[in-house]
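As structure tokens, the structure follows; a few thoughts come after it.
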Amino acid sequence: MYKTSNMTTIYNATDADLRQLVFQNEYVIVKFIDKECDICKALAPSFDTLSQRAAYTEVLFLRMDAKENPVSLKEVRFSKAPFIATYKKGILQQCGLVNTEEEITAMLEQLLA
């Protein structure tokens, strides 16, 4: 896992460390992306902005290249949209395809509720 830049709080994760991160952090949101996905590219700035909001400082934001996860890769490529999963205390809360910043925000709000 490594931080994407000094300005953002999004970490790039791999299959090797995802499970550990989900269990080590109370709140986690994971965005599975494909570099060929136009919606993934379009939502990247929104995901970055959300990761920096004070309301979400308790949430660990992760990004995973879907090519490292065959199931997610299939979903992302088929739908041309990013696949998001949220975890609370190591338990999957929500997962699904998103097309807008509002959908990501709604998942975050439900995660912290």
Side-chain angles (χ1 to χ4, degrees):
M1 178 182 82
Y2 62 92
K3 204 169 186 178
T4 57
S5 78
N6 291 334
M7 298 291 291
T8 186
T9 53
I10 298 174
Y11 293 86
N12 288 320
T14 65
D15 283 340
D17 56 17
L18 179 62
R19 184 181 177 110
Q20 180 180 3
L21 292 167
V22 165
F23 283 102
Q24 286 179 344
N25 296 276
E26 187 167 359
Y27 303 105
V28 178
I29 185 167
V30 184
K31 180 181 173 192
F32 295 90
I33 62 165
D34 180 1
K35 292 175 182 161
E36 298 173 20
C37 167
D38 291 332
I39 296 174
C40 297
K41 292 176 195 173
L43 286 178
S46 297
F47 199 66
D48 290 344
T49 299
L50 290 169
S51 75
Q52 296 175 35
R53 288 198 182 149
Y56 306 128
T57 57
E58 294 180 66
V59 180
L60 176 65
F61 282 72
L62 300 176
R63 177 175 29 237
M64 288 186 67
D65 187 330
K67 291 179 182 171
E68 296 176 17
N69 186 321
V71 174
S72 295
L73 175 62
K74 183 178 178 182
E75 288 296 329
V76 171
R77 284 216 172 138
F78 176 74
S79 65
K80 301 293 187 211
F83 184 84
I84 303 279
T86 60
Y87 298 85
K88 183 175 183 178
K89 298 181 181 178
I91 299 171
L92 179 66
Q93 300 297 300
Q94 282 188 293
C95 63
L97 300 169
V98 297
N99 291 294
T100 66
E101 179 178 342
E102 291 76 20
E103 291 173 316
I104 299 170
T105 302
M107 291 178 88
L108 285 164
E109 293 299 320
Q110 189 166 7
L111 176 65
L112 295 173

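Computed from a prediction, not measured in an experiment: that's the story for all the values here.
Atom NZ of K89 has 12 or fewer heavy atoms from other residues, nucleotides or ligands within 6.0 Å.
Across Y56 and L50, no two heavy atoms sit closer than the pair CD1-O, 3.3 Å. Contact record, F47 with I10: CD2-CD1, 3.4 Å, taken as the closest heavy-atom pair. Taking each heavy atom of P82 and K31 in turn, the nearest pair found is CB-CE, 4.0 Å. Counting all heavy atoms, side chain and backbone alike, L18 lies closest to F32 at CD2-CZ, 4.4 Å. The shortest non-hydrogen separation linking N99 to L43 is C-CD1, 3.8 Å. For L60 against Y11, the heavy-atom pair with the smallest separation is CD1-CD1, 3.6 Å.
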Give the intermediate values and the outcome of side chain to side chain contact (heavy atoms under 4.5 Å, CB included) for residues I104 and I29. CA-CA 9 Å; I104 299 170; I29 185 167; 4.0 Å; yes
Full working for side chain to side chain contact (heavy atoms under 4.5 Å, CB included) between Q110 and T86: CA-CA 9 Å; Q110 189 166 7; T86 60; over 6 Å; no
Chi angles and distances behind the side-chain hydrogen bond (donor to acceptor under 3.5 Å, both in side chains) call for S51, D48: CA-CA 5 Å; S51 75; D48 290 344; 5.1 Å; no
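Interatomic distance, K41 NZ to E36 CD, rounded to the nearest 0.5 Å: 7.5 Å. Atom CG of N12 and atom CE of M64 lie 10.0 Å apart (nearest 0.5 Å). Distance CZ/R63 to SG/C40: 10.5 Å, rounded to 0.5 Å.
Between L21 and V28 the shortest side-chain heavy-atom distance does not fall below 4.5 Å. The closest side-chain heavy-atom distance from L111 to E58 is not below 4.5 Å.
A single hydrophobic cluster is seen to contain both V98 and L112, as judged by linkage of ILVMFWY side chains at heavy-atom distances under 4.5 Å, directly or through other members.
Checking L97, I33, V30 one by one against F83, the side-chain contact (heavy atoms from CB on, under 4.5 Å) holds for a single residue, L97.
Annotation: side-chain hydrogen bond (donor to acceptor under 3.5 Å, both in side chains) contacts involving residues 19-29, sequence neighbours excluded, are absent.
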